[in-house]
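The structure appears right after this line, and notes come after that.
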Amino acid sequence: MGRSEEIGRIGQSHHWVRGNVPLCSQCMVCGQQCGSQPKLCDYRCIWCQRTVHDDCMGGDLKTENCDLGEFRSLIIPSNYLWAVKQLKRSKNVDYMKLIASMGRNWTPLIVLANTRSGNNMGEVLVSEFKGLLNPLQVFDLSKTSPFKALQLCSILPPNSAKVLVCGGDGTVGWVLDAVDEMKIKGQENFIPQVAVLPLGTGNDLANTLGWGAGYAGEVPVEQILRNVMEADSTKLDRWKVQVTNKGYSLRKPKVMSMNNYFSVGPDALMALNFHTHREKTPSLFSSRLVNKAVYLFYGTKDCLVQECKDLDKKVELELDGEKISLPNLEGIVVLNIGYWGGGCRLWEGMGDEPYPLSRHDDGLLEVVGVYGSFHCAQIQVKLANPVRLGQAHTVRLILKSSRMPMQVDGEPWAQGPCTVTITHKTHALMLYHIGEQTDDDDDDPSSDSDQEPKEPVTRDVEM
């Protein structure tokens with residue numbers, strides 16, 4: 001039995017609607033062009049997207065089963081949801097038989113879109129994805145929380161679901177936190193694989209996973225769905241960041257999840273100033289270009305003021321319990337992924353130095369230092385390398401005095417004396433799309449699941 005027949009066995013009929021037929025479409029009966037007449041006289045099936053002339057529409061087309069078209073493996077048919085509802089009401093329905101009726105190639109997709117990201121691009125995507133999939137599998141995160149939307153996974157075949165997150169890295173983190181909550185509630189068998197459509201400003205996680213540095217509508221949504229179908233599975237390390245304030249033993253430590261990076265110093269200061277400005281005048285931050293311009297402004301300002309100078313005198317750094325001697329730094333960055341700062345490969349840097357490429361699935365963190373905002377800018381345009389401090393499974397940073405800006409995955413705050421401890425938390429199941437990074441390097445080695453995890457490099461500080 002063919003793939004289309006296998007998935008179509010549940011008996012979803014064509015749902016023909018008049019009008020809104022693309023000009024380049026072709027009648028499935030006579031093969032001639034549809035949509036060329038000004039009148040709304042042609043039909044389109046909302047499931048398989050096939051079109052037919054009004055004159056070619058016969059009674060058999062209105063009753064025959066629909067194979068759901070090109071994206072049949074991603075669509076959750078209405079008849080399946082109806083059957084699940086009946087299953088919950090009656091014990092006579094065989095759930096395994098229902099699952100089998102969808103076929104082994106069925107990997108249903110749930111779309112979670114942050115409509116506040118990407119200069120309203122999220123709203124456009126919600127509308128377009130609803131036109132190609134079942135509207136019930138497309139969610140606006142401004143109206144439905146990720147955890148509630150992901151409960152749809154619990155009525156799908158175990159380990160079959162995929163999720164497409166449309167938003168920035170912060171939105172991805174929000175969704176992955178909801179996935180962790182599913183694990184806590186005993187839904188481990190229904191954990192989805194997560195793909196990313198980057199709508200934020202930095203999009204470093206999306207870039208690391210091959211989904212590009214930013215989406216602005218240049219790729220049709222049909223191609224996005226094809227990319228999701230073709231994507232490979234990979235794991236992403238997730239880390240626990242615990243911040244314990246000095247001298248407040250009774251106060252509960254601040255605990256966060258980290259996917260991308262933690263930092264203290266100039267890049268965290270830029271993020272803090274950016275967020276403070278955006279909260280005061282949110283209407284000004286309407287595009288990725290404006291956001292990056294504001295970051296540039298605050299970076300230039302810090303080059304003159306140097307608010308984070310003498311960091312090496314204010315902090316102690318331990319990697320796997322070993323204290324690291326620090327040069328005269330203004331910032332420290334702890335990396336989990338390959339990209340940082342909106343598309344810069346911070347750990348590898350430039351030149352032919354013998355440093356292993358970073359991975360996002362090896363249980364290791366890469367730790368680097370920067371001399372200041374101007375040094376950060378030099379690194380981003382490949383005119384300088386960071387100060388490589390080493391790799392570790394556990395990172396401990398002690399802020400002994402003063403108040404310093406810190407950030408986790410772009411969420412900044414001002415922090416007084418404290419101890420920051422970063423330890424491995426869990427793995428997230430992600431989808432990796434090959435060939436979409438902005439960097440000129442070859443394919444990211446992290447996509448090669450057969451590569452052996454690397455050993456920590458020696459912690460001799462590069463000057």
Side-chain angles (χ1 to χ4, degrees), residues 4 7-8 10 12-28 33-54 57 61-62 64-82 102 106-144 149 152 156 161-167 171 192 195-199 211 215-231:
S4 63
I7 296 180
I10 197 168
Q12 180 73 52
S13 299
H14 286 293
H15 186 162
W16 299 104
V17 294
R18 188 186 292 269
N20 196 24
V21 176
L23 291 176
C24 59
S25 58
Q26 190 178 60
C27 177
M28 63 179 292
Q33 182 180 0
C34 283
S36 58
Q37 300 297 324
K39 296 181 180 179
L40 300 178
C41 56
D42 296 335
Y43 291 87
R44 176 180 61 89
C45 175
I46 64 172
W47 294 114
C48 65
Q49 306 302 316
R50 292 186 177 90
T51 57
V52 63
H53 291 125
D54 188 21
M57 175 63 72
L61 285 179
K62 295 180 180 180
E64 76 172 13
N65 278 355
C66 176
D67 67 2
L68 305 181
E70 179 183 0
F71 305 116
R72 62 180 68 89
S73 64
L74 303 179
I75 293 174
I76 305 176
S78 295
N79 282 6
Y80 178 86
L81 298 176
W82 177 85
M102 300 305 299
W106 191 43
T107 54
L109 178 68
I110 299 172
V111 178
L112 306 179
N114 185 347
T115 54
R116 298 175 182 174
S117 296
N119 193 22
N120 298 321
M121 179 59 66
E123 293 183 358
V124 175
L125 288 169
V126 166
S127 176
E128 293 189 354
F129 280 123
K130 284 184 175 181
L132 293 172
L133 306 171
N134 189 333
L136 296 178
Q137 64 189 104
V138 181
F139 295 89
D140 180 348
L141 292 180
S142 67
K143 301 176 181 178
T144 307
L152 182 56
L156 300 173
K162 296 180 179 180
V163 166
L164 176 61
V165 181
C166 307
T171 304
V196 184
L197 185 61
L199 302 182
W211 297 101
Y215 178 77
E218 66 278 5
V219 178
V221 291
E222 291 87 353
Q223 185 58 47
I224 294 170
L225 294 179
R226 295 183 191 108
N227 292 344
V228 172
M229 290 192 293
E230 297 169 359

Original post:
Hey, is D140 close enough to K130 for a salt bridge, meaning N to O under 4.0 Å?
Top reply: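 Answer for the salt bridge query: no.
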Can you check whether [Y]'s main-chain N or O pairs, donor with acceptor, with [X]'s side chain at less than 3.5 Å?
X: Q49; Y: G131; result: yes
X: Q223; Y: P220; result: no
X: Q137; Y: I76; result: yes
X: T107; Y: A161; result: no
X: E64; Y: H14; result: no
X: W16; Y: L61; result: yes

Heavy-atom closest contact ([X] atom, [Y] atom, distance):
X: T115; Y: S142; value: OG1-OG, 3.3 Å
X: N134; Y: I75; value: N-CG2, 4.5 Å
X: M57; Y: V52; value: CE-CG1, 3.2 Å
X: L152; Y: L136; value: CD2-O, 4.0 Å
X: G69; Y: C48; value: N-CB, 3.4 Å
X: V126; Y: A113; value: CG2-CB, 3.5 Å

Original post:
side-chain contact (heavy atoms from CB on, under 4.5 Å) between H15 and C66: does it pass, once the steps are laid out?
Top reply: CA-CA 8 Å; H15 186 162; C66 176; over 6 Å; no
Atom [atom1] in [X], atom [atom2] in [Y]: separation rounded to 0.5 Å?
X: L133; Y: I110; atom1: CG; atom2: CD1; value: 11.0 Å
X: I224; Y: L197; atom1: CD1; atom2: CG; value: 4.5 Å
X: L125; Y: N114; atom1: CG; atom2: CG; value: 11.0 Å
X: D42; Y: R18; atom1: CG; atom2: CZ; value: 8.5 Å
X: L112; Y: F139; atom1: CG; atom2: CZ; value: 7.5 Å
X: M229; Y: S73; atom1: CE; atom2: OG; value: 5.0 Å

**OP:** Could you give me the CA-CA distance, side-chain angles and deciding distance for L164 and F129, then say whether side-chain contact (heavy atoms from CB on, under 4.5 Å) is met?
**Re:** CA-CA 11 Å; L164 176 61; F129 280 123; 3.6 Å; yes
Original post:
Below 4.5 Å, heavy atoms only, C-beta onward: do R72 and W106 meet side chain to side chain?
Top reply: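 Counting from C-beta outward, R72 and W106 never come under 4.5 Å.
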